[in-house]
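In what follows, a structure is listed as structure tokens, so that the remarks can point back to it.
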Amino acid sequence: MNILMVLTSHDQLGNTGKKTGFWLEEFAAPYYTFKDAGATITLASPRGGQPPLDPKSDTPDAQTKDTQRFKADSAAQTALAHTLKLSEVAAGDFDAVFYPGGHGPLWDLAEDPVSIALIEATLAAGKPVALVCHAPGVLRDVKTLDGSPIVQGKAVTGFTNTEEQAAGLTEIVPFLVEDMLVQNGGHYSKVADWQPYVLKDGLLITGQNPASSKPAAKELLEQLSLLTTVK
């Protein structure tokens, strides 16, 4: 299994003067889920190199077994520090794509033509794409072959309006993930804030929040297993 993980390169939280980036748990939990399953993992970001880490995801209360494992894993840290440029990877080289969240993707990946084309090509090739927390926001401008929004008519989830409100960033983010998915015709649903929730509709897998990152990664592996069996 060759799995591509796509991270943000954006580190500015709007005009607040504060930093953002990717959410550590949403990277670490899937990374080790894939690694422990024997997958080959490639990391990429729009600018390449070290993706910015959201400092809030690195506080003591945000740590998990997977984030602690990452902090003790020099090989994983080196791999993360040397992500490939997204423009240098080809959808055809991978069996699946996973997007960790954090607020950063709402600014760069949501409108990145390379990311949009990557998702479109991956899904068109019959390969699964999973996105967690804020990362479903990068589906905003992704289209089907007939030009419809990729989420139209699909069961999807993502970071909720109330979770964003709790984070105090409703007026800061460029758009709200929940609202966008609904506006694009997605059949959006959610559970209580901060509880794990993952939906799969065809090749598209979405997770609601950080707690959904490992379940989403497991769902992606299950989907790959099924596709391999079918082949």
Side-chain angles (χ1 to χ4, degrees), residues 3-16 18-31 42-58 62 80 83-87 89 91 94 96-120 122-123 128-143 149-151 156-161 163-164 167 169-170 172-181 183-184 186 188 198 204-213 216-217 220:
I3 299 177
L4 175 66
M5 296 185 73
V6 181
L7 296 107
T8 183
S9 291
H10 185 87
D11 69 349
Q12 296 297 314
L13 192 59
N15 57 7
T16 63
K18 297 179 180 177
K19 294 292 188 181
T20 191
F22 74 94
W23 198 262
L24 184 56
E25 179 185 2
E26 295 169 29
F27 165 74
Y31 180 86
T42 300
L43 306 179
S45 60
R47 295 180 193 166
Q50 175 73 57
L53 174 65
D54 187 317
K56 286 189 175 180
S57 73
D58 202 24
L80 184 65
T83 67
L84 298 175
K85 280 189 177 179
L86 195 53
S87 59
V89 303
F94 303 97
V97 182
F98 189 97
Y99 281 75
H103 286 88
L106 298 184
W107 276 275
D108 62 351
L109 290 168
E111 55 187 41
D112 188 305
V114 179
S115 175
I116 292 166
L118 170 75
I119 297 171
E120 290 174 346
T122 301
L123 294 172
V129 175
L131 316 96
V132 70
C133 199
H134 285 87
V138 311
L139 297 171
R140 185 183 61 182
D141 296 328
V142 179
K143 309 290 186 188
I150 199 74
V151 302
V156 289
T157 191
F159 205 60
T160 70
N161 289 353
E163 286 169 332
E164 198 68 82
L169 296 172
T170 302
I172 304 299
V173 292
F175 63 93
L176 295 170
V177 175
E178 176 179 340
D179 285 355
M180 181 280 291
L181 292 171
Q183 289 161 6
N184 277 12
Y188 180 89
V198 174
L204 196 61
I205 298 164
T206 49
Q208 180 176 316
N209 47 34
S212 309
S213 53
L220 185 67

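Just so we're clear, the structure is a prediction, and the values are computed from it rather than from any experiment. Residue numbers count from 1 along this sequence.
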Problem set entry | Donor-acceptor pair, side chain of Ser57 and main chain of Asp54, under 3.5 angstrom | yes
For this session: Can you see which heavy atom on Pro30 is nearest to which on Ser213, and at what distance?
Result: CG-O, 3.8 Å
For this session: Taking the side chain as every heavy atom from C-beta outward, state whether Val97 and Ile119 have any atom pair closer than 4.5 Å.
Result: no
Exercise. Asn184 side chain to Arg140 main-chain N or O, any donor-acceptor pair under 3.5 Å?
Worked result: yes
Seminar exercise, completed: Interatomic distance, CG@Asn209 vs CD@Glu25, rounded to 0.5 Å, equals 9.0 Å
Problem set entry | Heavy-atom pair with the smallest gap, counting every atom of Asp141 and Ala110 | OD2-O, 3.6 Å
Problem set entry | Under 3.5 Å donor-acceptor, Ser9 side chain and Arg47 backbone | yes
Problem set entry | Nearest heavy-atom neighbours spanning Pro136 and Gly158 | CG-CA, 4.0 Å
Exercise. With under 30° as parallel and over 60° as perpendicular, where do the rings of His134 and Phe159 fit, or are they tilted in between?
Worked result: tilted
Seminar exercise, completed: Minimal heavy-atom distance between Gly102 and Glu26, with the atoms involved, is N-OE1, 3.4 Å
Exercise. Is the backbone of Gly207 close enough, under 3.5 Å, to the side chain of Ser212 for a donor and an acceptor to pair up by distance?
Worked result: no
For this session: Determine, stepwise, if the pair Glu164 / Glu178 fulfils side-chain contact (heavy atoms from CB on, under 4.5 Å).
Result: CA-CA 10 Å; Glu164 198 68 82; Glu178 176 179 340; over 6 Å; no
For this session: Taking the side chain as every heavy atom from C-beta outward, state whether Phe98 and Val6 have any pair of such atoms under 4.5 Å apart.
Result: no
For this session: Drop me the distance from Leu109's CG to Leu7's CG, to the nearest 0.5 angstrom.
Result: 8.5 Å
Problem set entry | Nearest heavy atoms of Pro100 and Ala135, plus distance in Å | O-CB, 3.5 Å
Problem set entry | Test item: Val114 and Pro46 side chains (from C-beta on) under 4.5 Å apart, heavy atoms | no
Seminar exercise, completed: Taken in chain and number order and not counting sequence neighbours, the residues that satisfy side-chain contact (heavy atoms from CB on, under 4.5 Å) with Glu120 are Ile116, Val142, Lys143
Exercise. Is the side chain of Tyr188 donor-acceptor paired with the backbone N or O of Met180 at a distance under 3.5 Å, no angle test?
Worked result: no
Exercise. Does any non-hydrogen side-chain atom of Phe27 lie less than 4.5 Å from one of Leu80?
Worked result: yes
For this session: Could you list the residues that satisfy salt bridge (charged side-chain N to carboxylate O under 4.0 Å, His left out) with Lys19, not counting sequence neighbours?
Result: Asp11
For this session: With sequence neighbours left out, write down each residue that passes salt bridge (charged side-chain N to carboxylate O under 4.0 Å, His left out) with Asp58, or none if nothing qualifies.
Result: Lys71
Exercise. Out of curiosity, Leu118 CG to Ser87 OG, how far, rounded to the nearest 0.5 Å?
Worked result: 11.5 Å
For this session: Evaluate the side-chain proximity of Trp23 to His103: yes if any heavy-atom separation is below 4.5 Å, no if none is.
Result: no
Exercise. Looking at Leu13, Leu106, Thr8, which one forms a side chain to side chain contact (heavy atoms under 4.5 Å, CB included) with Thr20?
Worked result: Leu13
For this session: Find the distance between CG (Leu169) and OG1 (Thr16) and round it off to the nearest 0.5 Å.
Result: 8.0 Å
For this session: Output all residues satisfying side-chain contact (heavy atoms from CB on, under 4.5 Å) with Thr42, sequence neighbours left out; order by chain, then residue number.
Result: Leu4, Leu84, Phe94
Problem set entry | With Tyr99 via ring-ring contact (aromatic ring centres under 6.0 Å, His included) - residues at least two apart | none
Exercise. Any side-chain heavy atom of Phe175 sitting closer than 4.5 Å to one from Val173?
Worked result: no
For this session: State the NZ-CG distance between Lys56 and Leu24, to the nearest 0.5 angstrom.
Result: 15.5 Å
For this session: Taking all non-hydrogen atoms of both residues into account, name the closest pair between Gly186 and Val156 and its distance.
Result: CA-CG2, 4.0 Å
For this session: Quick one: list whatever passes side-chain hydrogen bond (donor to acceptor under 3.5 Å, both in side chains) with Thr157, sequence neighbours left out.
Result: none
